[in-house]
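Below is one structure, written out as structure tokens, with a few remarks after it.
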Number of protein chains: 2
Amino acid sequence: MARRSDHTRAELKKLALDSAREIVRKDGISALSTRKLATKIGYTSGTIYQIFKNRDDLGDQLNTQTVTRLFEHCRDIPAQASVQLRLRKLAEGFVAFASQNTNEWDAVINYPFTRDYRPSEGYNLQIEQLMGLICEATIDLYDANQKVQQLRDARLLWASLYGIFSLASAGRLGEERTLNETVADLADLYLAARS
Amino acid sequence: MARRSDHTRAELKKLALDSAREIVRKDGISALSTRKLATKIGYTSGTIYQIFKNRDDLGDQLNTQTVTRLFEHCRDIPAQASVQLRLRKLAEGFVAFASQNTNEWDAVINYPFTRDYRPSEGYNLQIEQLMGLICEATIDLYDANQKVQQLRDARLLWASLYGIFSLASAGRLGEERTLNETVADLADLYLAARS
DNA sequence: GTATTAATTAATCATTGGTCAATAAATTTA
DNA sequence: TAAATTTATTGACCAATGATTAATTAATAC
């Protein structure tokens, strides 16, 4: 029996999330079960439900972390002079992160949530942060009174990106063009329309 | 015991697919299990595995049918004079179909396939058909020597649409703009870039 | 009518998410 | 220090799931 003072509640949660991430990273989202996770951290499955409300909650927190990491990855991209360059670099950042974290990113898109699950406030906040990065990159293209349009475009870009990644991760993008190129196509289309 | 001559193999398959569709339509993709499907058609679960290779196969065939129906729905849209109108109507067609077939369309996007599942040739063919509709609508915008670019754009539009629907079905699109409007935004962005 | 072939079943396996009474460990009280 | 109380952890459950397969039953051929 795991001694009850082995970890504080917070430590245990971190341990669980880290281990969950490791399982997903190594064997994909389908390999993540409460039992496997429990075993990995030296507890039993019941304890998992003391840390997380349920499987949806576990997935939400895992994915929130992943999106946070994507955000941090993209935030650290060096500043660029033009919108073109900024968008290009941002797109490359997205693709690079997704390629280096295939299974984790796949979980963001394909985690088997319950039918009526809705993302947590924390998750949505992280997505807003990402949207902020897109807005920063495209700020030169909009007047001060076009903020609404800018955010609308950012959302559209995000949705499009999301679709490209979804199809790519499911092998449904088609053969003749890589993920990188398709994302670049999107950036080009956007620039052709707005600049 | 179901009498072995109650249905031919083909009839049985149709019966199973129709019933699967009914289950999904009514209670969503998560309600579709081999047992439930078997009971519904008056057989036992083992028989399902005589009709379909496995759960992935069942889902693939169901989704292929759904995409076919989406295609037919959009193909029957009356001809329009301009690219603008054609795209607009096509977008509306997509949204209308998705809205009228929520659960079935959700299955196209979120069916819990096995990790290494890849869509069948039949499914991919149907997607190509859809791409054809997009190309028909946008044909005026490209010269004869720009066929590659045109198809590339069509794929991009499809991926973007797919992303918009994915986020919408997961309640991740944001509140302030409807599905209809977002899809229209996409069409507008595309037109602004290419016309 | 008997032998052969093939469809259907029922039992079974391994696994899953989830709950909860029992148990063990830590903390407080006396 | 010893007993009483609180709380974390367990392990035994439950109801489902996808999938396999030997046994059974129905249809067909001889």
Side-chain angles (χ1 to χ4, degrees), chain A residues 1-17 19-20 23-24 26-63 107 110-118 120, chain B residues 1-17 19-20 23-24 26-63 107 110-118 120:
Chain A
M1 192 189 216
R3 317 211 94 232
R4 129 188 204 186
S5 56
D6 278 352
H7 310 95
T8 68
R9 205 49 175 280
E11 283 172 345
L12 195 52
K13 184 161 192 167
K14 179 171 167 16
L15 180 63
L17 271 176
S19 303
I23 292 172
V24 169
K26 214 171 132 248
D27 298 319
I29 182 56
S30 63
L32 180 63
S33 69
T34 52
R35 281 167 180 80
K36 210 176 279 184
L37 176 55
T39 304
K40 195 173 172 89
I41 65 176
Y43 286 76
T44 46
S45 77
T47 297
I48 301 298
Y49 288 88
Q50 202 121 358
I51 311 176
F52 303 102
K53 219 179 126 216
N54 50 38
R55 194 185 148 91
D56 283 349
D57 186 30
L58 169 59
D60 189 287
Q61 303 212 27
L62 197 63
N63 286 346
N110 293 316
Y111 192 93
F113 288 109
T114 300
R115 176 137 198 67
D116 42 320
Y117 156 81
R118 284 296 169 268
S120 69
Chain B
M1 193 188 211
R3 319 211 93 233
R4 136 187 198 185
S5 55
D6 277 352
H7 311 95
T8 69
R9 206 50 174 282
E11 283 171 343
L12 195 53
K13 184 161 194 169
K14 177 169 170 16
L15 180 63
L17 270 176
S19 303
I23 292 172
V24 169
K26 214 171 133 250
D27 298 319
I29 183 58
S30 63
L32 181 62
S33 70
T34 53
R35 280 170 180 78
K36 212 176 279 186
L37 177 55
T39 304
K40 195 175 172 88
I41 66 175
Y43 286 76
T44 46
S45 77
T47 297
I48 301 297
Y49 288 87
Q50 202 120 357
I51 310 177
F52 303 102
K53 219 178 128 215
N54 50 38
R55 193 185 150 88
D56 283 349
D57 186 30
L58 169 60
D60 189 288
Q61 304 213 26
L62 197 62
N63 285 346
N110 293 316
Y111 192 94
F113 288 110
T114 301
R115 175 137 196 66
D116 40 320
Y117 157 82
R118 284 297 170 269
S120 69

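Letters A, B, ... mirror the listed sequences (proteins, then strands); counts begin at 1. If you're wondering where the values come from, they're calculated on a predicted model, not measured in any experiment.
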Spacing of [X] atom [atom1] relative to [N] atom [atom2], expressed in whole Å:
{"X": "H7(A)", "N": "dT9(D)", "atom1": "NE2", "atom2": "C1'", "answer": "14 Å"}
{"X": "I29(A)", "N": "dT16(C)", "atom1": "CD1", "atom2": "P", "answer": "13 Å"}
{"X": "R55(B)", "N": "dG18(D)", "atom1": "CZ", "atom2": "P", "answer": "5 Å"}
{"X": "I23(A)", "N": "dT15(C)", "atom1": "CD1", "atom2": "C1'", "answer": "15 Å"}
{"X": "I41(B)", "N": "dT9(C)", "atom1": "CD1", "atom2": "P", "answer": "9 Å"}
{"X": "R9(B)", "N": "dT5(C)", "atom1": "CZ", "atom2": "P", "answer": "18 Å"}
{"X": "L37(A)", "N": "dG18(C)", "atom1": "CG", "atom2": "P", "answer": "13 Å"}
{"X": "I51(B)", "N": "dT9(C)", "atom1": "CD1", "atom2": "P", "answer": "10 Å"}

Using a heavy-atom cut-off of 4.0 Å across all strands, would you classify [X] as base, sugar-phosphate, or nothing?
{"X": "L12(A)", "result": "sugar-phosphate"}
{"X": "L58(A)", "result": "nothing"}
{"X": "S33(B)", "result": "sugar-phosphate"}

### Task
Compare the minimum distances between each of dT9(C), dA7(C), dT10(D) and the side chain of Y43(A), then state the nucleotide with the smallest one.
dT10(D)

### Query
Among the nucleotides dT8(C), dC14(D), dA19(D), which one has an atom lying closest to any side-chain atom of R35(A)?
dC14(D)

Hey, could you give me the [atom1]/[atom2] distance between [X] and [Y], rounded to the nearest 0.5 Å?
{"X": "S19(B)", "Y": "K14(B)", "atom1": "OG", "atom2": "NZ", "result": "9.5 Å"}
{"X": "I41(B)", "Y": "L12(B)", "atom1": "CD1", "atom2": "CG", "result": "5.0 Å"}
{"X": "D27(B)", "Y": "K36(B)", "atom1": "CG", "atom2": "NZ", "result": "6.5 Å"}

### Message
When you measure from the side-chain N and O atoms of T47(B) to the phosphate of dT9(C), is any distance below 4.0 Å, counting only OP1 and OP2?
### Response
yes

### Query
T44(A) side chain N/O closer than 4.0 Å to the phosphate oxygens (OP1, OP2) of dT9(D)?
no

#### Entry: Pairwise 5' ranking along DNA chain D for G46(B) and Y49(B), keeping only the more 5' one
Y49(B)

### Minimum heavy-atom distance between H7(A) and Y43(A), given as atom pair plus value
ND1-OH, 3.1 Å

#### Entry: Mutual orientation of the aromatic rings belonging to F113(B) and Y117(B) [parallel < 30°, tilted 30-60°, perpendicular > 60°]
parallel

